[in-house]
Trainee: 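First the structure, which I've put down as structure tokens, then a few questions once you've had a look.
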Amino acid sequence: MGHLRQEAEPGEVGLDPKALARLDQHFAHEVDDGRLPGFLVSVSRHGRVAHLTTYGHRDRAAELPVETDTLWRMYSMTKPVTSVAALILMEEGRFGLDTPVAEFLPSFAEPRVYVDGAGPDIRTRPAGQPILIRHLLTHTAGLTFGFYHCHPVDARYREAGIESSVPPGADLAEACEVYAGLPLQFEPGTRWNYSVATNVLGRLIEVVSGRPLDDFFADRVLTPLGMTDAGFCVSPEQAPRLAELYGEKEDGGIAPVPGLPLHGRPRFLSGSGGLVATAYDYHRFMEFLRRRGELDGVRLLAPGTVAMMTANQLPGGADRRAFGTTVHQEPGSAGLGFGLGVSVVVDPGVTRSPSALGSYGWSGVATTTFWVDPHNDMTVQFLTQVRPTGSHRVYPELKRLIHESLAG
């Protein structure tokens, strides 16, 4: 078990302590007004933690405070870890980015693409090219999520029992078989649509490595990086540190909601969203990325691979606003491209909130987020446990307040 600790005063690394105090005050008001249960925020610069705040509760009913060793459901912040696991195998020569997925998952050998219609009248055609591994990493495969409710293909996902990303009772292999039998929303490689693709990538890791995803993660990523609490489930000893999950109510308050089945190894090992971790764990992952593939003398990826992962991979250098689907557009996508598992700032002038060119990161559905800012040599993580009813309102304010703290 690791505890995240402050290692420097803000002024020592060019951060304004008054601006950071304003950040803490802003989110403390969110807690005091009942919109968040509690939070942890950490800001590091030049590899040193210079701001670390915990506030509020990890479990309001039990009056248990947020602590530096609190365990959080990372949800989609799992995706960059899955991407790193896949890139480890790529560096070993097990596949290339342009290897067809069907070489390892034959059920994806004959994808069909949506043409028109809805429900039983939907029409499809054979895809003009195969789904490639790079399409999974960049969310350009044509896959989708059932919960979007904005396209006839996501309706087909719901008809197949996939409201979020998991058919009831399925394991990862069974889920991917269901995905493979559904039409693609568009021709692979032509658009961007956030989707179940990282679950397919997780299954591909299993097939290529010959190991369950949790075992591969533990041996090849989590243990080497010293992410001592991270995993797909919590032990009885860890369980008291797990934060309660909340959902937003119509009146703006929050109430407990069911979360991932973390007590005991889950049947479905989700590369898209299955990890639980502490702030210490994810700080180490961010530092590994900031240091371009190495941490404490352990190198998992070559610097060039991390540079490729964290650079925009969308055709023509377009942002997601230009390259996204016409039916689903993520709020605030202007100025943001996508690399191999992370969002990348390609045009700071049009982003929703202040951002540095080349900053990259991702967020989770329980209002967790992280980013690495190479220009300012900084990493940031914000952790809480609230599933919002709409778009994440926390992130723009967080980024604005962090940006204001940069003093030099």
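As the structure is a computational prediction, the values presented were derived from the model and not from experiment.
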Trainee: With D154, which residues qualify under salt bridge (Lys or Arg N to Asp or Glu O under 4.0 Å), at least two apart?
Mentor: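 Salt bridge (Lys or Arg N to Asp or Glu O under 4.0 Å) check on D154 returns R158.
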Trainee: Could you tell me whether a side-chain N or O of D281 sits under 3.5 Å from a main-chain N or O of A230, the two making a donor and an acceptor?
Mentor: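 Yes, the answer is positive, given that a donor and an acceptor are paired below the 3.5 Å cut-off.
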Trainee: Is it true that T278 and D69 share a donor-acceptor pair across their side chains at a distance under 3.5 Å?
Mentor: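 No, T278 and D69 have no side-chain donor paired with an acceptor closer than 3.5 Å.
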Trainee: Would a 4.5 Å heavy-atom cut-off, applied to side chains only, mark E250 and T389 as touching?
Mentor: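 Side chain of E250 against side chain of T389, heavy atoms only: no contact under 4.5 Å found.
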Trainee: If we count only N and O atoms by modelled type, under 3.5 Å, do the side chains of E91 and T305 hold a donor and an acceptor together?
Mentor: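 Yes, T305 and E91 have a side-chain donor paired with an acceptor closer than 3.5 Å.
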Trainee: For a quick test of reading the model, state the closest non-hydrogen atom pair linking V84 to L301 and the distance between them.
Mentor: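 In this case the closest contact between V84 and L301 is CG1-CD1, 4.0 Å.
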Trainee: Quick check: does any side chain N or O of S195 sit under 3.5 Å from a backbone N or O of A197, one acting as donor and the other as acceptor?
Mentor: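 Indeed, once roles are kept as given, a pair shorter than 3.5 Å links the two residues.
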Trainee: Is there a donor-acceptor contact under 3.5 Å from the side chain of R45 to the main chain of L15?
Mentor: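 No; judged by distance alone, with no hydrogens or angles, the pair does not exist.
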Trainee: Please tell me whether N199 and Y179 have a donor and an acceptor in their side chains that are separated by less than 3.5 angstrom.
Mentor: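 The criterion, which ignores hydrogens and geometry beyond distance, is satisfied for Y179 and N199.
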Trainee: Hey, mind stepping through F27 and F382 against ring-ring contact (aromatic ring centres under 6.0 Å, His included) and telling me if it holds?
Mentor: CA-CA 10 Å; F27 288 106; F382 181 90; 4.8 Å; yes
Trainee: As a quick check of understanding, evaluate salt bridge (charged side-chain N to carboxylate O under 4.0 Å, His left out) for E404 and R22, giving each step before the final call.
Mentor: CA-CA 10 Å; E404 291 174 1; R22 291 197 299 271; 3.7 Å; yes
Trainee: Specify the closest pair of heavy atoms between R73 and A243, including all atoms of both residues, with the distance to one decimal.
Mentor: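 Residues R73 and A243, closest heavy atoms: NH1-O, 2.6 Å.
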Trainee: Between T198 and L201, is there a donor-acceptor pair closer than 3.5 Å when you use the side chain of the first and the backbone of the second?
Mentor: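 No, the answer is negative, given that no donor and acceptor are paired below the 3.5 Å cut-off.
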Trainee: Between E174 and R267, is the closest basic N to carboxylate O distance under 4.0 Å?
Mentor: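 Looking at R267 and E174, the cut-off is met.
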Trainee: Check this for me: does any side-chain nitrogen of one of E63 and R58 sit under 4.0 Å from a carboxylate oxygen of the other?
Mentor: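 Here E63 does not pair with R58 in a salt bridge, since their nearest N and O are not under 4.0 Å apart.
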Trainee: Without swapping roles, check the side chain of E7 against the backbone of V49 for a donor-acceptor pair under 3.5 Å.
Mentor: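 At least one qualifying donor-acceptor pair exists.
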Trainee: Can you tell me if T138 and Q313 form a side-chain donor-acceptor pair at under 3.5 Å?
Mentor: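 No, no side-chain donor-acceptor contact under 3.5 Å.
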Trainee: Check whether the side chains of T140 and H135 place a donor and an acceptor atom closer than 3.5 Å, and report yes or no.
Mentor: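 No - no donor-acceptor pair under 3.5 Å links their side chains.
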Trainee: Can a donor-acceptor pair be found, under 3.5 Å and without considering hydrogens, that links the side chain of Q238 to the backbone of D229?
Mentor: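 Confirmed, Q238 side chain pairs with D229 backbone.
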Trainee: Is there a side-chain contact between V208 and F95 in this structure, where contact means two heavy atoms from C-beta onward sitting under 4.5 Å apart?
Mentor: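 In short, these two side chains touch, coming nearer than 4.5 Å.
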Trainee: Assess, by modelled atom type and distance only, whether the side chains of Y55 and D32 contain a donor and an acceptor separated by less than 3.5 Å.
Mentor: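 Note: Y55 and D32 side chains meet the donor-acceptor criterion.
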Trainee: For the atom pair CG (L71) and CE (M74), what is the distance rounded to the nearest 0.5 Å?
Mentor: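 Reported value, rounded in 0.5 Å steps: 8.5 Å.
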Trainee: Within 45° of the six-membered ring axis of F104 and under 6.0 Å from that ring's centre, is NZ or CZ of R203 located there?
Mentor: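 Because its charged atom misses either the 6.0 Å distance or the 45° angle limit, R203 does not stack over F104.
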Trainee: Whether R291 and E287 form a salt bridge (side-chain N of Lys/Arg under 4.0 Å from carboxylate O of Asp/Glu) is what I want to check.
Mentor: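 Salt bridge flag = no for R291 with E287.
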Trainee: Would you check if there is a donor-acceptor pair between the side chains of S343 and R320 at a distance under 3.5 Å?
Mentor: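 R320 vs S343: donor-acceptor pair found between side chains.
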Trainee: Do H139 and N193 have side chains that approach each other closer than 4.5 Å (heavy atoms only, starting at C-beta)?
Mentor: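 Side-chain contact under 4.5 Å: no.
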Trainee: Measuring only between side-chain heavy atoms, which start at C-beta, is E67 closer than 4.5 Å to R241?
Mentor: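 Of all side-chain heavy-atom pairs linking R241 with E67, none is under 4.5 Å.
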Trainee: Please collect all side-chain hydrogen bond (donor to acceptor under 3.5 Å, both in side chains) contacts where either partner lies in residues 97-106, sequence neighbours excluded, each pair once.
Mentor: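 Checked against side-chain hydrogen bond (donor to acceptor under 3.5 Å, both in side chains) - neighbours excluded - the pairs reaching residues 97-106 are D98-R134.
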Trainee: NE2 of H375: more than 12 outside heavy atoms within 6.0 angstrom?
Mentor: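 Count not over threshold, so no.
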Trainee: Assess whether a salt bridge exists between E248 and R387, defined as any Lys/Arg side-chain N lying under 4.0 Å from an Asp/Glu carboxylate O.
Mentor: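 No, this pair does not count.
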Trainee: Could you name each residue pair satisfying side-chain hydrogen bond (donor to acceptor under 3.5 Å, both in side chains) that touches residues 116-128, not counting sequence neighbours?
Mentor: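 For residues 116-128: R112-T124, D116-R123, R125-E187.
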Trainee: Of F370, W371, Y194, which meets ring pair (Phe, Tyr, Trp, His ring centres under 6.0 Å) against W362?
Mentor: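 Testing each of F370, W371, Y194 against W362, the sole residue satisfying ring pair (Phe, Tyr, Trp, His ring centres under 6.0 Å) is Y194.
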Trainee: Heavy-atom distance under 4.5 Å between the side chains of F288 and L300, does that happen here?
Mentor: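 Yes, close enough: below the 4.5 Å cut-off.
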Trainee: Does the Lys NZ or Arg CZ of R5 fall within the cation-pi geometry relative to Y280 - under 6.0 Å from the ring centre and within 45° of the axis?
Mentor: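 No, R5 and Y280 do not form such a contact.
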Trainee: Which atom names give the shortest non-hydrogen contact between A318 and N312, and what distance separates them?
Mentor: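 For A318 and N312, the tightest heavy-atom pair comes out as O-ND2, 3.0 Å.
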Trainee: Please confirm whether the backbone N or O of G38 pairs with a side-chain atom of T384, one donor and one acceptor, at under 3.5 Å?
Mentor: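 Checking the backbone N and O of G38 against the side chain of T384, a donor-acceptor pair under 3.5 Å is found.
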Trainee: Might you work through the side-chain hydrogen bond (donor to acceptor under 3.5 Å, both in side chains) test for S405 and H403, ending with a clear yes or no?
Mentor: CA-CA 5 Å; S405 77; H403 181 79; over 6 Å; no
Trainee: Would you say T70's side chain and V66's backbone share a donor-acceptor pair under 3.5 angstrom?
Mentor: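 Checked: no pair found.
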Trainee: Flag the pair V31 / H57 as yes when at least one side-chain heavy-atom distance between them is below 4.5 Å, and no otherwise.
Mentor: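 Counting from C-beta outward, V31 and H57 never come under 4.5 Å.
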Trainee: Please give me the minimum heavy-atom distance between P348 and S355, naming the atom from each residue.
Mentor: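 Smallest interatomic distance, heavy atoms only, reads CB-O, 3.2 Å.
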Trainee: Please evaluate residues R290 and D377 with respect to the criterion salt bridge (charged side-chain N to carboxylate O under 4.0 Å, His left out), reporting the C-alpha separation (whole Å), side-chain torsions for both, the decisive distance (0.1 Å), and the verdict.
Mentor: CA-CA 8 Å; R290 185 189 72 85; D377 198 23; 2.7 Å; yes
Trainee: Would a 4.5 Å heavy-atom cut-off, applied to side chains only, mark F232 and V276 as touching?
Mentor: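 No, too far: nothing below the 4.5 Å cut-off.
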Trainee: Taking 4.0 angstrom as the limit, do D215 and R220 come out as a salt bridge?
Mentor: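 No, D215 and R220 are not salt-bridged.
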Trainee: Does the side chain of K79 come under 3.5 Å of the side chain of S76 through a donor N or O and an acceptor N or O?
Mentor: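 Per modelled atom types, K79 and S76 side chains form a pair under 3.5 Å.
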Trainee: Rounded to the nearest 0.5 Å, what separates atom CG in L23 from atom NE2 in H51?
Mentor: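 Going from CG on L23 over to NE2 on H51, the span is 5.5 Å.
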Trainee: Search all heavy atoms of D347 against all heavy atoms of L357 and return the closest pair with its distance.
Mentor: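 Looking at all heavy atoms of both residues, the closest pair is N-CD1, 4.5 Å.
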Trainee: Between atom CD of E159 and atom CG of L182, what is the distance when rounded to the nearest 0.5 Å?
Mentor: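 Atom-to-atom, E159:CD and L182:CG are 9.0 Å apart.
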Trainee: Is a side-chain donor or acceptor of D59 paired with a backbone partner of A61 at a separation under 3.5 angstrom?
Mentor: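 Indeed, once roles are kept as given, a pair shorter than 3.5 Å links the two residues.
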Trainee: Mark yes or no for whether D251, through its side chain, and G253, through its backbone, hold a donor-acceptor pair below 3.5 Å.
Mentor: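 Side chain of D251 to backbone of G253, a donor-acceptor pair under 3.5 Å: yes, one is there.
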Trainee: Provide the closest heavy-atom pair for T54 versus L40 in the form atom of the first, atom of the second, distance.
Mentor: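 For T54 and L40, the tightest heavy-atom pair comes out as CG2-CD1, 3.7 Å.
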Trainee: Any side-chain heavy atom of V394 sitting closer than 4.5 Å to one from V386?
Mentor: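 SC-SC contact between V394 and V386 ruled out.
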Trainee: Any chance you could lay out the ring-ring contact (aromatic ring centres under 6.0 Å, His included) test for Y157 and F147, step after step, and finish with the verdict?
Mentor: CA-CA 9 Å; Y157 275 57; F147 56 76; over 10 Å; no
